[in-house]
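Below, all heavy atoms of this structure are taken into account, side chains as well, without hydrogens, waters or symmetry copies. Positions are given from 1 along the sequence.
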Amino acid sequence: MEREMTLERKIFKMGNSYGTTYPKEVLKHLGVTAGDEVTFENLDDGTVKISKRKAIKLPEGIDTEFIEMVNEIVKENDSVFKGLVDR
């Protein structure tokens, strides 16, 4: 069984956002390197679960460029889509 460890980092201001660094032990544990994406899940007990984002296998005939284009359209029209929920 792997030993649990507690590591600390400070939060710093980055423009209008906030950021931090990741200890190499955490990156190794997650199996991530530069360019990989992670997800954050807020849990009911006040903790946050960080996971490596799993690669999605696209259906045959659908390429990543198409998905990126759709994601961009959704981001640009987020308020429109949210407004449709109330209709």
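Rounding to the nearest 0.5 Å places CZ of Arg9 at 11.0 Å from CD1 of Ile11. Between the CE atom of Met69 and the CG atom of Asp63 there is a distance of 8.5 Å, given to the nearest 0.5 Å. With values rounded to the nearest 0.5 angstrom, Glu68 atom CD is found 12.5 Å from Ile73 atom CD1.
Thr47 meets the side-chain hydrogen bond (donor to acceptor under 3.5 Å, both in side chains) test with Asp45; sequence neighbours excluded. In this structure Tyr22 satisfies the side chain to side chain contact (heavy atoms under 4.5 Å, CB included) test together with Val26, Leu27, Val38, Phe40, Ile50, sequence neighbours excluded.
Lys49 places no side-chain N or O within donor-acceptor distance of the main-chain N or O of Glu41, the cut-off being under 3.5 Å. Judged by distance alone, the side chain of Asp36 and the main-chain N or O of Thr33 form a donor-acceptor pair under 3.5 Å.
Cluster membership for Met5 and Val32, using ILVMFWY side-chain heavy atoms within less than 4.5 angstrom, is shared.
Within a 6.0 Å sphere centred on CD of Glu65, other residues, nucleotides and ligands contribute 12 heavy atoms or fewer. With a 6.0 Å radius and a threshold of 12 heavy atoms from other residues, nucleotides or ligands, Phe66 has its CZ atom at or below the threshold.
Taking every heavy atom of both residues into account, Lys10 and Thr20 meet most closely at O-OG1, 3.0 Å.
Contact check for Leu43 versus Val48: no side-chain heavy atoms found under the 4.5 Å cut-off.
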